[in-house]
Amino acid sequence: MSTAPTATGADGPVPPPRASVPAAGVAPAFDGTATAAPAAGTAAPAAGADRVGWPVGVPVSEPADPVAAEVEPGRVRWDPAERQARASQSFWTALVGVPAIFSVLRLGVEAGGELQTTLLLVANVGPVNLLAGFLTTAARLLSTGMVAVFALGAVLAVGADRLPPGARRRPLFARWADLTPAWVVLASFLLALITWPLLYLPLLLPAFAAAFQFRPGRLHERVVPRLLMIVVLLAGYAWLLLPTLRDAGRQGELLVLALLAVPPLLALFVAGPLPGLVIRPLASVTEVAVLAMLVWAAVPVISTPVLPLTVTTVGVENGPTEDVRGHVITTDDVNMVILQERGGVRYVPVDLVRAQVLCPSEEELPRYRLRIRDFHVEDSLLEGMGRRVRPVHRIDAACRIPD
């Protein structure tokens, strides 16, 4: 039986050209070569015998594995690598896209919803100023969302790992927690540590224990030393906050008492797997709850002004004056452009400006009369250290809103 001739090149043998139309009585093979059909009464050729004419040593390409395969009618099982890539894209898209959307929304809200005023703000508020304003006001919101996602995701991931393989799809927060490096999780906790008010910092204890699955058993392998370490840690925490807890009890601030006293006890039991029956319902509820919490917390962030609030005294020399309360957009050689607090843009000639003072907004005024070791409970660590360097100055009388 003769073999089809092959040409020899620099890279080895070259297969013969494929026949465009097979001859009569010749069946086409899968590789494009033609083989003779078996005669009547003869046995069918063995497997691989139809590849007559393909040179020895030349590999034949095999079809790639499909990304999705039909498991049941109407259901598709996705490849784990593809699912991981989709989850990673959704996480980083949310992390980068949400701040950009919030920055644009803040300008629109501050402009009172007016298109021309919004365009004026966009033209004069630089990206650096906008980013700085967003980080100082929305870093708290961003860190809150990341801490909640990582803590809940770690708890759901531990419970999902105990389920039978392929029984249930892993929750979204669990996939995000699996994809995120440990240094990103730690950075989110550090950002929350310096931006959250001191009143809410105890909540980081159970969140940290959940995100890193830190159980009391990791303190010491023996029970007695472990209990002693827990007692010492709780005693130190109580000593640090005892004056504040006493003052909160005298003032009847039950919410403050709960926020300061309950989280350390909760941190002892929050780590560990959950029952398999509650993982899927809990995953759906927590995803909706975190989204609702972010929307609720985003309302004051979007409405917080990007520009500082000032009171500008305007008037002719030795004549009556007027106080214009608002945000200075820009100043040139002719006019000072002020976005008034009650709406509208006012152009004030520069030669009529007599004085200008910086005023705090209503959101900056304190609500509690409680302090933690000389730090106000509503200040963050960053704000508290700043007030130590520059103590709060006396509010000017011009900043008071007239009745």
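For the numbers below, each heavy atom of this structure counts, side chains included, while hydrogens, waters and symmetry mates do not.
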Looking only at heavy atoms, which two atoms of Ala154 and Ala177 are closest? And how far apart?
-> N-CB, 4.0 Å
Whether Thr117 side chain and Glu114 backbone form a donor-acceptor pair below 3.5 Å = no
Heavy atoms of Thr180 and Trp176 approach each other most closely as OG1-O, 2.6 Å
Start with the C-alpha gap between Val328 and Met336, add the side-chain angles, then the distance that decides, and say whether side chain to side chain contact (heavy atoms under 4.5 Å, CB included) holds.
-> CA-CA 7 Å; Val328 177; Met336 175 183 291; 4.0 Å; yes
Taking all non-hydrogen atoms of both residues, which atom of Ala210 and which atom of Ala151 are closest, and how far apart?
-> CB-O, 3.9 Å
Going through the checks in order, is the side chain to side chain contact (heavy atoms under 4.5 Å, CB included) test met by Leu309 and Leu358?
-> CA-CA 6 Å; Leu309 178 63; Leu358 187 65; 5.8 Å; no
Atom pair CZ/CG of Arg387 and Leu382 - distance to nearest 0.5 Å = 10.5 Å
Let me have the donor-acceptor pairs involving side chains of residues 194-208, under 3.5 Å, with sequence neighbours excluded, atom names and distances please.
{"residue": "Thr195", "atom": "OG1", "partner": "Leu191", "partner atom": "O", "Å": "2.5"}
{"residue": "Trp196", "atom": "NE1", "partner": "Ser143", "partner atom": "OG", "Å": "3.1"}
{"residue": "Trp196", "atom": "NE1", "partner": "Thr144", "partner atom": "OG1", "Å": "3.2"}

Between the CZ atom in Arg346 and the OG1 atom in Thr312, the distance rounded to the nearest 0.5 Å is 9.5 Å
Identify the heavy atoms of Met293 and Ala148 that sit nearest to each other, and give their distance.
-> CE-CB, 4.3 Å
Take Thr310 and Val357, measure what side chain to side chain contact (heavy atoms under 4.5 Å, CB included) needs, and give me the verdict at the end.
-> CA-CA 6 Å; Thr310 60; Val357 294; over 6 Å; no
Heavy atoms only: give me the nearest Val290-Leu152 pair and the separation to one decimal.
-> CG2-CD1, 3.7 Å
Keeping the roles fixed (side chain from Glu378, backbone from Arg367), state whether a donor-acceptor pair exists under 3.5 Å.
-> yes
Walk me through it: do Val324 and Val311 pass the test side chain to side chain contact (heavy atoms under 4.5 Å, CB included)?
-> CA-CA 6 Å; Val324 181; Val311 173; over 6 Å; no
Would a 4.5 Å heavy-atom cut-off, applied to side chains only, mark Leu120 and Leu339 as touching?
-> no
Taking all non-hydrogen atoms of both residues, which atom of Asn335 and which atom of Pro349 are closest, and how far apart?
-> OD1-CA, 3.6 Å
For the pair Glu322 and Arg354, find out whether any cationic side-chain nitrogen is under 4.0 Å from an anionic carboxylate oxygen.
-> no
Arg373 CZ: over 12 foreign heavy atoms closer than 6.0 Å = yes
Rounded to the nearest 0.5 Å, the CG atom of Asp323 sits from the CD atom of Gln356 at a distance of 11.0 Å
Straight-line distance of Leu141 CG to Met146 CE, nearest 0.5 Å = 11.5 Å
Enumerate, atom names and distances included, each donor-acceptor pair closer than 3.5 Å involving a side-chain atom of residues 227-240, sequence neighbours excluded.
{"residue": "Tyr237", "atom": "OH", "partner": "Leu260", "partner atom": "O", "Å": "2.5"}

Side-chain touch Ile338/His327, heavy atoms, less than 4.5 angstrom | no
Mind checking the CZ-CG spacing from Phe173 to Asp178? Nearest 0.5 Å is all I need.
-> 13.5 Å
Can you tell me how far the CG atom of Leu307 sits from the OG1 atom of Thr330, to the nearest 0.5 Å?
-> 10.0 Å
Report all side-chain donor-acceptor pairs from residues 244-252 shorter than 3.5 Å, counting only partners two or more places apart or in another chain.
{"residue": "Thr244", "atom": "OG1", "partner": "Arg371", "partner atom": "O", "Å": "2.7"}
{"residue": "Gln251", "atom": "NE2", "partner": "Arg369", "partner atom": "O", "Å": "3.3"}

For the residue pair Pro216 and Arg226, establish whether any side-chain heavy-atom pair is separated by less than 4.5 Å.
-> yes
Side chains of Leu121 and Ile329: does their closest heavy-atom pair fall under 4.5 Å?
-> yes
